[in-house]
**Student:** 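So that we are looking at the same thing, I have put the structure below in C-alpha cells.
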Amino acid sequence: MNREAVYQGVYDYIRAAVGKGAVATWSRQLQHWNDVPEIRQPAIFFAQTGEELRTDGVRVLWRCGVEIYIYTTADNNADTVAATGMNRILDQITAAVMPRNIFGERDQTLGGLVVDCKIAGKIETDAGTLGRQSVAIVPLSILVEE
C-alpha cells in the first residue's frame with residue numbers, strides 16, 4: 001500500500017466532488033476553527049486517524065481512518081442560519097462516498113483508488129445554534145489492499 005497515494009487520492013476525490021470554488025480553504029493539515037478566520041471559511045481539513053491491518057482470508061487489507069472537518073460561519077445577518085453552508089457541503093461529501101449500487105455493487109472504490117470508502121459512524125455536528133460558527137466532523141473508513 002502506498003499510504004500517501006491513498007490519502008492524497010481520497011482528499012483529491014472529495015475536493016473534486018465538493019468543488020474547489022465552493023470552499024475557501026482546503027488542507028490536510030488540521031487547524032482548530034478558532035484559528036481559521038471567517039474570510040478563510042468555508043474550510044475543509046482532513047486528519048488521518050489511524051490504520052488497522054485486516055485480512056478477509058484471501059487478501060491483506062488495511063482499514064485507514066480519516067476525519068473530515070468542515071467549518072462554516074454565518075454572516076452578521078440575524079436571519080442567516082450558520083448550518084446552511086455546512087449542510088450543503090455535508091450533502092456533497094456524503095453523495096461522493098455513497099456506494100454506486102450499480103449492478104449490485106456495494107462498495108465505493110473512488111474510481112478504483114481503494115477497495116471501499118464509506119462514512120464510518122456518526123457525523124458530529126455543531127450547527128452554530130448559539131453563535132455564527134458551525135462545525136461538522138465526518139469519519140471515513142477507507143479499505144485498501146496491500
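Start at 1 with the first residue, then count along the sequence. Computed from a prediction, not measured in an experiment: that's the story for all the values here. The basis for the numbers below is simple: all heavy atoms, side chains too, and nothing from hydrogens, waters or symmetry mates.
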**Student:** Of all heavy-atom pairs between M86 and S134, which one has the smallest distance, and what is that distance?
**Tutor:** CB-OG, 3.7 Å
**Student:** Judged by modelled atom types alone, do W62 and E52 share a side-chain donor-acceptor pair under 3.5 Å?
**Tutor:** no
**Student:** Which atom names give the shortest non-hydrogen contact between V23 and P42, and what distance separates them?
**Tutor:** CG1-O, 3.2 Å
**Student:** Answer yes if W26 and Y7 sit in the same cluster of Ile, Leu, Val, Met, Phe, Trp and Tyr residues linked by side chain heavy atoms under 4.5 Å apart, and no otherwise.
**Tutor:** yes
**Student:** When rounded to the nearest 0.5 angstrom, what is the spacing between CG in L113 and OH in Y13?
**Tutor:** 10.0 Å
**Student:** Taking C-beta and beyond as the side chain, do E51 and R3 meet within less than 4.5 Å on heavy atoms?
**Tutor:** yes
**Student:** Should the pair E4-R28 be classified as a salt bridge under the 4.0 Å nitrogen-to-oxygen rule?
**Tutor:** yes
**Student:** Do the side chains of V97 and I142 join up, straight or via other hydrophobic residues, at under 4.5 Å, putting them in one cluster?
**Tutor:** yes
**Student:** Could you tell me whether R88 and D91 have a side-chain N and a carboxylate O separated by less than 4.0 Å?
**Tutor:** no
**Student:** At what distance, to the nearest 0.5 angstrom, does CD of E145 lie from CG of D116?
**Tutor:** 13.0 Å
**Student:** Spell out, yes or no, whether V60 and V114 are grouped together once hydrophobic residues are joined by side-chain heavy atoms under 4.5 Å, including indirect joins.
**Tutor:** yes
**Student:** Can the ring centroids of F46 and Y69 be said to lie less than 6.0 angstrom from one another?
**Tutor:** no
**Student:** Name the residue from N34, L30, V36 that meets the side-chain contact (heavy atoms from CB on, under 4.5 Å) definition with H32.
**Tutor:** N34
**Student:** Distance check, rounded to the nearest 0.5 Å: I123 atom CD1 versus I70 atom CD1?
**Tutor:** 7.5 Å
**Student:** I'd like to know whether M1 forms a side chain to side chain contact (heavy atoms under 4.5 Å, CB included) with C64, so could you lay out the CA-CA distance, the side-chain angles of the two residues, the decisive distance to 0.1 Å, and finally the verdict.
**Tutor:** CA-CA 11 Å; M1 171 179 71; C64 305; 4.0 Å; yes
**Student:** Is a donor on one side and an acceptor on the other found under 3.5 Å between the side chain of T25 and the backbone of Q41?
**Tutor:** no
**Student:** Is there a chain of hydrophobic side chains (I, L, V, M, F, W, Y, each step under 4.5 Å between heavy atoms) that links L140 to V18?
**Tutor:** yes
**Student:** Under a 4.5 Å side-chain heavy-atom rule over Ile, Leu, Val, Met, Phe, Trp and Tyr, are V10 and L61 clustered together?
**Tutor:** no
**Student:** Check whether the side chains of Q133 and E38 place a donor and an acceptor atom closer than 3.5 Å, and report yes or no.
**Tutor:** no
**Student:** Would you say CD1 of I39 has more than 12 non-hydrogen atoms from neighbouring residues, nucleotides or ligands within 6.0 angstrom?
**Tutor:** no
**Student:** Has the side chain of D35 got a donor or acceptor atom that lies under 3.5 Å from a matching backbone atom of Q31?
**Tutor:** no
**Student:** Quiz question: by atom type and distance under 3.5 Å, do the side chains of T73 and R132 form a donor-acceptor pair?
**Tutor:** no
**Student:** First locate atom CZ of R15, then atom CD1 of I93, and finally report the distance between them rounded to the nearest 0.5 Å.
**Tutor:** 12.5 Å
**Student:** I137 vs T125, test: side chain to side chain contact (heavy atoms under 4.5 Å, CB included). Steps then yes/no.
**Tutor:** CA-CA 6 Å; I137 305 171; T125 61; over 6 Å; no
**Student:** To the nearest 0.5 Å, how far apart are CG in L143 and OG1 in T109?
**Tutor:** 11.5 Å
**Student:** Just verifying a value: how many Å separate R63 CZ and S141 OG, rounded to the nearest 0.5 Å?
**Tutor:** 3.5 Å
